[in-house]
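Naming: A, B, ... by sequence-line order, numbering from 1 per chain. Just so it is clear, the structure is predicted and the values come from calculations on it, not from any experiment. The analysis underlying the following values was restricted to heavy atoms, covering all of them including side chains, and did not include hydrogens, waters or symmetry mates.
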Amino acid sequence: MKTFDVEVRVWLKPSVFDPQGHAVEQALHTLGFDGAQNVRIGKYMHLTVTGESEEEARKSVEQMCERVLSNPVMETYAYELKETGV
Amino acid sequence: MKTFDVEVRVWLKPSVFDPQGHAVEQALHTLGFDGAQNVRIGKYMHLTVTGESEEEARKSVEQMCERVLSNPVMETYAYELKETGV
Amino acid sequence: MKWAVVVFPGSNCDEDAAQAVREATGDAVDLVWHDATDLSAYDAIILPGGFSYGDYLRSGAIARFSPAVEAVRREVAEGKLVLGICNGFQVLTESHLLPGALLRNNHLQFRCEMVELIVDNNTSPFTRAYQLGERIQIPIAHGEGRFHADPETVAGLRNEGRIAFRYADSPNGSVADIAGILGEGGNVLGLMPHPERAIFDWMGSVDGRRLFQSMHQYVEEGLAHARANA
Amino acid sequence: MREPTPEQIRDERVYRSLGLTDAEYDLVVEKLGRLPNYVEAGIFGVLWSEHCSYKSSKVHLRRFPTSGPQVLQGPGENAGVVDIGDGMAVAFKMESHNHPSAVEPYQGAATGVGGILRDIFTMGARPVAFLDSLRFGPLDDARTRYLFSEVVAGIGGYGNCVGIPTVGGEVQFSPTYRGNPLVNAMCVGILPADGIVRGTATGVGNPVFVVGARTGRDGIHGATFASAEDPEEKERSAVQVGDPFLGKLLMEACLELIASGAVVGIQDMGAAGLTSSSAEMASRAGGGLELVLDRVPVREEGMTPYEMMLSESQERMLVVLERGREQVAFDIFQRYGLEVADVGRVTDDGRLRLIWHGEVVGDMPVVALVDEAPVYERPIGPDITVESASIPTSLSAHEAWLAILAHPSVADKRWVYRQYDTMVRAQTVMGPGSDAALVKVPGMDKAIAMATDGNSRYVALNPRRGGQIAVAEAVRNLATTGAKPLAITNCLNFGNPEKPEVMRQLSDAIDGMADACKVLDTPVVSGNVSLYNESRGLDIQPTPVVGAVGVIDGIAKRLPSAPAREVAAGLELWLLGREDDRLDGTLYGELVCGQPVGDAPYIDLAEERRLHELLQAIAGAQVAVAAHDVTEGGIAAAVAEMMIQCDVGGEIHAPVEMELLGWLFSEAQGRALVAVEKDCAAELARLADTHAVPARKLGSLGATDDVVVRQAGDTAFTISLTALRDAFERAIPMALQSAAAGASA
Ligand SMILES: Nc1ncnc2c1ncn2[C@@H]1O[C@H](COP(=O)(O)OP(=O)(O)O)[C@@H](O)[C@H]1O
Ligand SMILES: [Mg+2]
């Protein structure tokens with residue numbers, strides 16, 4: 001059994017309005033960070049998973065992303081995975 | 001003036017209890033993803049910034065992170081920055 | 001004495017706080033827009049509950065950059081009384097006028113109900129009308145009220161008598177059951193429960209009145225003292 | 001993507017995907033005198049959709065009574081308005097957000113709350129309360145638990161943030177809603193009786209503004225798909241995300257703008273966004289509007305006129321100002337950091353004209369869009385035969401009592417409402433947990449009473465009587481607190497109107513509701529219809545939901561639903577209304593048979609009205625300590641709820657001539673339970689007598705820690721109050737314990 005470090009990022013699909021990103025962008029402008037644009041805020045998740053192989057671990061992470069970690073109606077995800085301690 | 005793509009990740013310090021990560025971990029176990037452990041949930045932010053140079057852009061992103069995007073009392077952050085269209 | 005209630009975009013307990021002050025003390029209250037740069041005309045300032053800037057990013061994180069919060073900082077240094085209720089408490093921790101932070105409730109839900117508080121300090125300008133150890137009924141209404149601070153900070157708060165109120169039965173997982181804390185100078189109080197919702201009998205409790213009356217008494221005594229010395 | 005040409009729209013029947021039938025398309029061509037282009041066809045499609053035009057229900061809705069001396073504004077505006085005396089009025093309305101909530105429960109519910117909020121403040125009213133009426137499948141299903149948890153979170157997420165208390169509502173669970181949950185939200189606002197603002201675009205040359213959020217590509221075709229039969233189609237509409245923070249700023253800015261007197265007309269951009277708001281405002285004024293689409297602030301680049309007109313981006317309003325006073329608007333909106341754009345002007349040629357890049361891209365008669373939208377007299381199925389059934393009494397009274405209190409429809413809803421801010425604004429006198437909510441009118445010794453109700457089991461069994469009961473129950477909840485009922489709003493959630501049997505349910509239920517509104521003197525002042533509530537070809541049970549509003553002058557008169565614990569022991573319990581032991585339509589019957597059985601429970605509207613008047617008299621004379629109405633679960637549930645709430649047991653006596661089990665669980669209407677002090681009992685009996693309402697001493701509180709049921713002098717049985725409390729309080733939290741499993745992060 002191997003253990004893998006996984007980082008998942010989940011964000012709203014581009015067509016979905018992100019009120020939080022919008023409000024934060026406005027706030028950044030007020031504070032003088034005029035160059036900040038297109039702010040979108042999503043989730044960043046860190047976890048460890050176990051699996052016989054990297055392939056198996058990837059499969060399970062993908063399932064988790066689709067079923068629990070993201071809401072496919074409005075979100076998209078991406079993840080990175082690497083074996084721990086290697 | 002150059003434009004940079006920036007990805008910021010913010011997460012709770014290890015000493016701080018993360019109830020959301022805990023709840024997601026439980027949910028994953030209920031669904032049979034027993035190997036999922038140490039789930040921590042933070043924020044993932046995407047934005048673009050402008051600057052004369054990469055160095056200047058980095059400085060400004062660091063300021064944003066420290067002043068606005070994270071709260072050092074309970075959070076840590078990391079970011080990646082790269083020039084767009086390059 | 002004269003009170004200010006600062007209104008941030010998204011504040012929603014501003015009128016409630018003003019109503020409570022008028023009812024409990026009979027004093028004059030102004031609602032002051034967040035772009036105010038000078039609050040020196042006021043004897044006490046309330047940062048009210050609500051969702052300033054939608055609580056986006058972190059509650060209180062954006063409001064703390066308002067000109068009014070800079071003005072509050074100056075008045076705190078002058079020894080004026082500043083009361084942050086719920087979102088106001090969050091603004092105070094975000095602006096480091098109070099230590100610690102308020103995180104998402106441990107059960108992840110918004111929670112609104114009457115709770116029992118224990119008065120842990122009855123010598124501050126905010127709590128002098130209560131008995132030490134008294135149990136009072138004040139409603140809460142928050143999703144991010146779990147007080148967090150590192151152990152040294154919590155020990156410091158305890159040793160300096162700066163824990164003003166504790167929950168009898170914590171509704172959110174706060175460290176040391178903290179519901180409200182005092183600032184270093186004793187003239188800033190942040191608390192998650194809403195004393196302005198415990199003013200009239202029909203609200204189910206009138207225990208919030210004495211908080212505003214404590215502040216009134218303290219300020220009036222100070223003003224009388226100043227007049228006598230003048 | 002290139003838009004289809006007018007000819008392609010005709011030849012390839014593109015109009016079908018825009019929600020128009022062949023016949024409707026032909027009618028559009030006839031009204032226009034030419035082929036519609038893509039944006040025009042899209043506009044007709046949404047405005048003639050069921051959601052916007054009420055084409056299947058309109059002929060029936062006319063049978064509702066809508067007037068009365070208390071009515072200041074009936075149906076037709078953004079919300080109804082009634083007079084509450086002393087120069088004040090309340091505006092209120094209820095709306096459904098069923099389909100969006102089935103797809104994305106959190107945002108669906110949140111945007112439902114945001115939408116109804118805007119309907120209220122556009123009337124010039126300060127919103128003061130929300131109520132939510134929810135229906136889900138059984139909680140043993142993970143998807144249902146997910147929907148339920150997220151819908152509740154979404155309602156709280158929006159309501160709590162905008163700072164308006166959610167003070168009441170209901171949640172019912174039945175297999176009929178498994179594939180099609182219902183989310184109905186109601187908002188109530190206060191305004192001066194002479195301060196009503198309407199959604200009319202009058203005054204030729206007056207400027208028209210879009211204010212609030214930018215227009216994006218969200219929810220294009222939400223209104224059309226809300227009425228589509230195919231669930232796959234329903235899902236195609238993009239998810240709209242609510243921004244309660246912006247919603248709050250928009251509300252404050254609009255109320256300030258209205259107070260400035262510069263507003264001629266204002267309307268929310270709800271379903272079908274810019275299309276319905278502009279067409280409806282022009283229609284009400286009998287005039288026209290010209291919109292320059294290049295000036296609409298957009299969130300995304302490259303948006304077409306079609307997308308701009310059909311977008312359902314949230315938190316936007318259309319405002320017509322008095323010419324010359326534009327600066328007032330600019331100043332106010334700037335202070336709130338909101339966008340405001342001058343997008344056109346009022347015309348007198350009766351046309352909705354759209355200009356883009358200097359060209360006319362759409363030009364349609366307003367009358368054809370709104371007033372002459374098709375109206376259908378859909379076929380109505382045969383009369384529904386109703387038969388009283390004899391229901392097997394296989395569940396013992398003891399078992400049934402516990403099972404009923406543990407049924408999630410009856411069980412304690414604290415898990416729900418403690419996620420809502422029920423007290424913000426600091427005017428809540430009675431919040432959730434009482435029969436009706438009471439919210440004070442600031443600065444006056446007066447409170448608005450409100451409640452929602454709608455039991456679909458009764459309507460499924462006997463639509464007409466079920467409709468009567470829906471109104472009677474909602475209104476009774478007001479009277480039980482001592483308030484005077486004034487008017488109702490409603491949401492008619494039904495199945496597919498193309499099925500004659502569904503139209504029969506709709507028609508009969510409307511007749512029943514109208515009967516009750518007439519007798520109880522509570523006209524219908526606003527409402528909403530949601531059809532095509534079905535999944536996999538199965539229609540939901542017909543579910544009319546009623547939101548009732550009343551007033552109580554003098555908050556000291558209010559009757560809570562249970563006495564305070566300290567005063568409870570020693571109080572007498574009285575039953576007002578008739579004795580009944582029939583199990584028709586009861587929850588007991590459904591528990592035993594697995595489905596609704598028999599006729600709907602007994603109701604007599606004249607008796608009902610006398611009861612309501614009696615309850616007001618009791619409150620007015622301050623004779624009673626508490627009152628609670630008898631509804632689902634019958635006397636057994638009502639007694640248990642009162643005893644659980646005050647945490648004091650007691651005993652009750654069943655009449656000798658009644659079948660005990662039936663008597664405990666009958667859901668006969670027109671009844672209430674009252675707790676009185678011994679000294680006041682005679683006065684209570686006298687008042688009941690003058691109101692010609694049967695009244696009987698049912699038992700008393702205290703003396704025992706359990707609930708003792710007696711008949712003919714003997715103890716029939718005893719049930720532990722602790723067991724009842726556990727059943728009642730734990731049912732929903734326990735069912736949800738595994739809910740986290742279904743929820744996404
Ligand atoms: N979804 C909800 N939102 C707010 N309050 C609710 C909700 N569901 C139930 N409640 C409250 O719980 C109490 C009991 O509801 P219910 O059993 O439907 O009452 P009733 O039978 O008197 O109509 C009421 O005070 C009601 O307002
Ligand atoms: Mg009731």
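With a 4.5 angstrom heavy-atom cutoff, D/Gln107 touches chain A only via side-chain atoms.
Scanning both residues, D/Gly242 and A/Pro19, for their nearest heavy atoms gives O-CG, 3.6 Å.
For A/Glu54, the CD atom counts as densely surrounded, since its 6.0 Å shell holds more than 12 non-hydrogen atoms of other residues, nucleotides or ligands.
Interface remark: of the candidates A/Gln26, A/Gln20, A/Met74, A/Lys13, A/Met74 forms the most heavy-atom pairs closer than 4.5 Å to chain D.
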